[in-house]
Amino acid sequence: MEPLIVANWKCNPKTKKEAEMLLALVKEGLKGEKGAKVVICPPFVYLSDLSGLALGAQNCFWEEGGAYTGEISVPMIKDSGSEYVIVGHSERRKYFGESDETVSRKLKAVLKEGLTPILCVGETQQERDSSQTEGVLKRQITLAMNGVLADDLSGFVLAYEPVWAIGTGNPCDQKEAGKMLLFIRKVLTEIYGSQVAGSVAVLYGGSVNSKNSASYIKEAKFQGLLVGGASLKADEFIKLVKSAV
Ligand code: PGA
């Protein structure tokens with residue numbers, strides 16, 4: 001399976017013009033590159049204006065619509081042309097109070113609409129220091145996927161993003177990340193059996209750049225990458241994708 005490389009632009013760039021320019025440069029640089037599937041996740045307001053690469057949203061609301069000021073529902077995201085939705089990113093959990101329970105509701109809303117969720121899990125520095133990493137991953141996966149059926153898992157994407165590695169320039173060593181990949185597969189196997197668990201794509205995210213991207217795919221055997229900061233510089237992102245394939 002070709003690696004899935006997801007660009008999470010977070011709350012950037014500031015204008016539609018810059019967003020269009022960044023996408024145009026990335027598209028041009030990756031023209032003819034067949035070895036990877038690239039998904040761009042810009043802020044909601046740019047989704048309808050961008051095209052030419054697969055798109056994803058960075059968040060969603062669990063209801064389809066109604067009196068929920070400020071929220072964006074999955075049918076709206078689908079209508080904007082997106083195929084993917086990031087769910088449970090650690091910045092949402094940390095700054096916007098998302099819990100395992102709300103993450104689970106969002107996840108199910110994405111599946112119901114037939115879009116592909118990218119479920120993010122990962123431990124904080126403090127949890128890692130107190131040897132809670134495996135417990136945290138197991139809890140996050142089990143609670144988020146509570147009620148999600150094996151039949152819903154075709155194309156499902158999970159991202160291992162150690163919180164301490166996000167945006168710090170301090171990526172998780174590929175050997176340690178590889179161990180967590182095996183642990184995540186074990187948890188999925190306990191819930192769904194090995195055949196179904198094996199069909200879930202697991203990505204690594206956290207300070208990925210053009211120098212380390214290959215090691216997570218080729219050595220640690222992740223099925224792809226979730227890229228923040230490095231996806232905002234077209235040259236760096238193009239190099240990152242090319243070295244990962
Ligand atoms: P980073 O962010 O690549 O800037 O560390 C990754 C993410 O938050 O998805």
Side-chain angles (χ1 to χ4, degrees), residues 3-14 18-19 22-23 26 36-44 46-47 53-60 82-98 103 106-107 110 116-125 127-128 133 136-137 140-141 144 156-174 176-177 180-181 184 201-217 220 222-244:
L4 175 67
I5 304 191
V6 182
N8 176 10
W9 287 1
K10 307 193 180 183
C11 193
N12 302 289
K14 287 197 187 75
E18 288 170 275
L22 177 57
L23 186 84
V26 169
K37 164 106 182 173
V38 173
V39 178
I40 306 291
C41 300
F44 285 128
Y46 304 139
L47 278 173
L53 284 173
L55 294 173
Q58 300 170 15
N59 179 32
C60 67
S82 295
E83 298 167 58
Y84 294 79
V85 184
I86 297 173
V87 176
H89 189 281
S90 64
E91 286 151 15
R92 304 273 341 148
R93 296 180 194 252
K94 180 174 169 194
Y95 301 122
F96 304 99
E98 290 198 13
V103 169
K106 292 181 178 203
L107 183 61
V110 174
T116 301
I118 301 169
L119 169 64
C120 299
V121 297
E123 80 287 1
T124 62
Q125 181 73 60
E127 288 162 342
R128 181 180 186 231
T133 301
V136 168
L137 295 181
Q140 289 178 336
I141 294 169
F156 196 95
V157 182
L158 212 146
Y160 172 54
E161 292 213 304
V163 180
W164 50 269
I166 294 177
T168 58
N170 176 31
C172 182
D173 164 70
Q174 57 89 3
E176 184 179 338
M180 291 309 116
L181 168 61
I184 288 167
V202 184
L203 317 183
Y204 168 77
S207 295
V208 176
N209 57 40
S210 62
K211 297 201 172 62
N212 62 25
S213 61
S215 70
Y216 295 106
I217 306 288
F222 281 89
Q223 284 74 48
L225 302 164
L226 182 48
V227 186
S231 72
L232 293 170
K233 295 174 226 121
D235 286 354
E236 170 67 1
F237 185 64
I238 292 159
K239 257 198 261 169
L240 182 161
V241 173
K242 289 192 168 170
S243 67

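What you see is a predicted model; the values in this text were computed from it and never measured. Order of appearance sets the numbers: ligands from 1, and atoms from 1 within every ligand. Values reported hereafter were calculated over all heavy atoms of this structure, with side chains retained and with hydrogens, waters and symmetry mates removed.
Partner Lys37 forms a side-chain contact (heavy atoms from CB on, under 4.5 Å) with one of Leu4, Val241, Ile5 and no other, that one being Leu4.
Residue-to-ligand polar distances keep Val227 apart from ligand 1: every N/O pair is separated by 3.5 Å or more. Considering backbone and side-chain atoms together, Glu161 places an N or O closer than 3.5 Å to an N or O of ligand 1.
The Gly167 neighbourhood of ligand 1 comprises atoms 1 (P), 4 (O), 5 (O), with distances under 4.0 Å to a heavy atom of that residue. Numbered from 1 in the order shown, with element, the atoms of ligand 1 that lie under 4.0 Å from a heavy atom of Leu226 read 9 (O). Atoms of ligand 1 found under 4.0 Å from any heavy atom of Gly206 (numbered from 1 in listed order, with element): 5 (O). Close contacts between ligand 1 and His89 involve ligand atoms 7 (C), 8 (O), 9 (O) [criterion: under 4.0 Å to a heavy atom]. Atoms of ligand 1 lying under 4.0 Å from any heavy atom of Ser207, numbered from 1 in the order shown and given with element: 1 (P), 3 (O), 5 (O).
Ligand 1 does not have Gly205 within reach: every non-hydrogen atom of the residue lies 4.0 Å or more from it.
Shortest contact from atom 2 (O) of ligand 1 to any protein heavy atom: Lys10 NZ, 3.2 Å. With hydrogens left out, the protein atom closest to atom 3 (O) of ligand 1 is Gly228 N, 2.8 Å, a heavy atom. Looking at atom 4 (O) of ligand 1, its nearest protein heavy atom turns out to be Gly229 N, 2.8 Å.
Using a 3.5 Å distance cut-off with no hydrogens or angles, the side chains of Ser213 and Ser243 do pair a donor with an acceptor. Between the side chains of Trp164 and Glu127, no donor-acceptor pair is found at a separation under 3.5 Å. Lys106 and Asn59 share a donor-acceptor pair across their side chains, judged by distance under 3.5 Å alone. No hydrogens or angles considered: a donor-acceptor pair under 3.5 Å links the side chains of Glu236 and Ser210. His89 and Glu161 form a side-chain donor-acceptor contact under 3.5 Å, judged by distance and modelled atom types alone.
If you look at Asn8 next to ligand 1, the close heavy atoms, those under 4.0 Å, all belong to the side chain.
Taking CG from Leu225 and OH from Tyr204, the interatomic distance works out to 9.5 Å, rounded to the nearest 0.5 Å.
The shortest side-chain heavy-atom distance between Tyr160 and Leu137 falls under the 4.5 Å cut-off.
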